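Model, not experiment: these values are computed from the prediction. Every heavy atom of this structure was used, including side-chain atoms; hydrogens, water molecules and symmetry mates were not.
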Amino acid sequence: MDNILEERKSLIVYVYSTKQIRQLKKYGLIYYVSYKMHYLVMYVNSENFNMIKEKLKKLRIVKSVVDSPYINLYNQLSQKEDIDDQKDDEEY
């Protein structure tokens with residue numbers, strides 16, 4: 001059995017009402033729902049990304065669909081050089 005992870009991309013979907021969010025489950029994995037601000041974060045397979053994005057835009061319950069900026073963010077918390085330069089408090 002091959003354990004191949006599929007590449008996924010995230011979408012931010014703004015909706016008019018959070019009552020019909022269950023209808024969006026068939027398009028991808030719903031990761032987070034903000035009931036107060038009326039949006040959800042959804043993961044979809046990268047090979048179907050553009051097709052699903054266009055389908056979501058055509059739905060009546062969807063206000064807008066935005067690509068998540070998470071891919072463009074720098075995800076390294078610190079550099080190795082920064083850690084090596086710090087001195088430990090061994091004297092105390």
Side-chain angles (χ1 to χ4, degrees):
M1 203 175 208
D2 294 329
N3 291 333
I4 299 173
L5 294 176
E6 296 179 1
E7 288 199 26
R8 294 187 162 211
K9 291 185 178 180
S10 58
L11 288 172
I12 300 172
V13 181
Y14 292 92
V15 293
Y16 289 106
S17 174
T18 55
K19 291 180 182 179
Q20 294 124 347
I21 285 180
R22 275 191 265 149
Q23 295 175 358
L24 300 176
K25 285 184 182 180
K26 65 181 177 182
Y27 295 103
L29 176 72
I30 296 177
Y31 182 71
Y32 176 75
V33 177
S34 173
Y35 291 100
K36 185 176 180 182
M37 302 200 43
H38 298 282
Y39 76 91
L40 60 102
V41 178
M42 170 185 280
Y43 285 101
V44 297
N45 292 340
S46 60
E47 57 194 38
N48 300 333
F49 180 74
N50 292 328
M51 180 184 66
I52 291 175
K53 186 176 174 182
E54 293 303 316
K55 282 185 179 180
L56 287 172
K57 285 181 181 180
K58 292 179 182 177
L59 294 175
R60 286 182 144 187
I61 62 171
V62 175
K63 257 190 221 181
S64 65
V65 180
V66 180
D67 295 347
S68 175
Y70 182 72
I71 296 172
N72 301 330
L73 295 177
Y74 184 70
N75 59 3
Q76 297 292 329
L77 294 177
S78 64
Q79 297 289 335
K80 185 175 180 185
E81 297 89 30
D82 293 341
I83 295 173
D84 291 339
D85 291 341
Q86 294 178 358
K87 294 181 182 179
D88 293 329
D89 295 332
E90 295 178 3
E91 296 176 3
Y92 297 105

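Note that the CG atom of N50 and the CG atom of D67 stand 8.0 Å from one another [nearest 0.5 Å]. One finds the OG atom of S46 at 9.5 Å from the CZ atom of R8 (value rounded to the nearest 0.5 Å). With values rounded to the nearest 0.5 angstrom, S68 atom OG is found 11.0 Å from Y31 atom OH. Here the OH atom belonging to Y35 is positioned 9.5 Å from the CG atom belonging to L40, to the nearest 0.5 angstrom. Note that the OG atom of S17 and the NZ atom of K63 stand 10.5 Å from one another [nearest 0.5 Å]. Separation of atoms CG (N48) and NZ (K53) is listed at 14.5 Å; rounding is to 0.5 Å.
In the hydrophobic cluster analysis, where Ile, Leu, Val, Met, Phe, Trp and Tyr join through side-chain heavy atoms closer than 4.5 angstrom, L24 is grouped together with F49. One hydrophobic cluster, built from ILVMFWY side chains closer than 4.5 Å, holds both V66 and Y43. Note on L11: it clusters hydrophobically with Y27, by side-chain heavy-atom contacts below 4.5 Å among ILVMFWY residues. Transitive grouping of hydrophobic side chains (ILVMFWY, heavy atoms separated by less than 4.5 Å) keeps V33 and I12 in distinct clusters. A chain of hydrophobic side-chain contacts below 4.5 Å, direct or via other Ile, Leu, Val, Met, Phe, Trp or Tyr residues, connects V41 to M37.
Contact check for V44 versus M42: side-chain heavy atoms found under the 4.5 Å cut-off. Within the 4.5 Å cutoff, the side chain of V62 has no heavy atoms near those of the Y14 side chain. Inter-residue side-chain proximity for I21 and I30 is flagged as met; some heavy-atom pair is nearer than 4.5 Å. Here the side chains of Q23 and I61 are in contact, with some heavy-atom distance below 4.5 Å.
Contact between T18 and H38 at its shortest, heavy atoms only, is CG2-ND1, 3.6 Å.
Using the six-membered ring where Trp is involved, Y32 and Y39 have ring planes that are tilted, between 30° and 60° apart.
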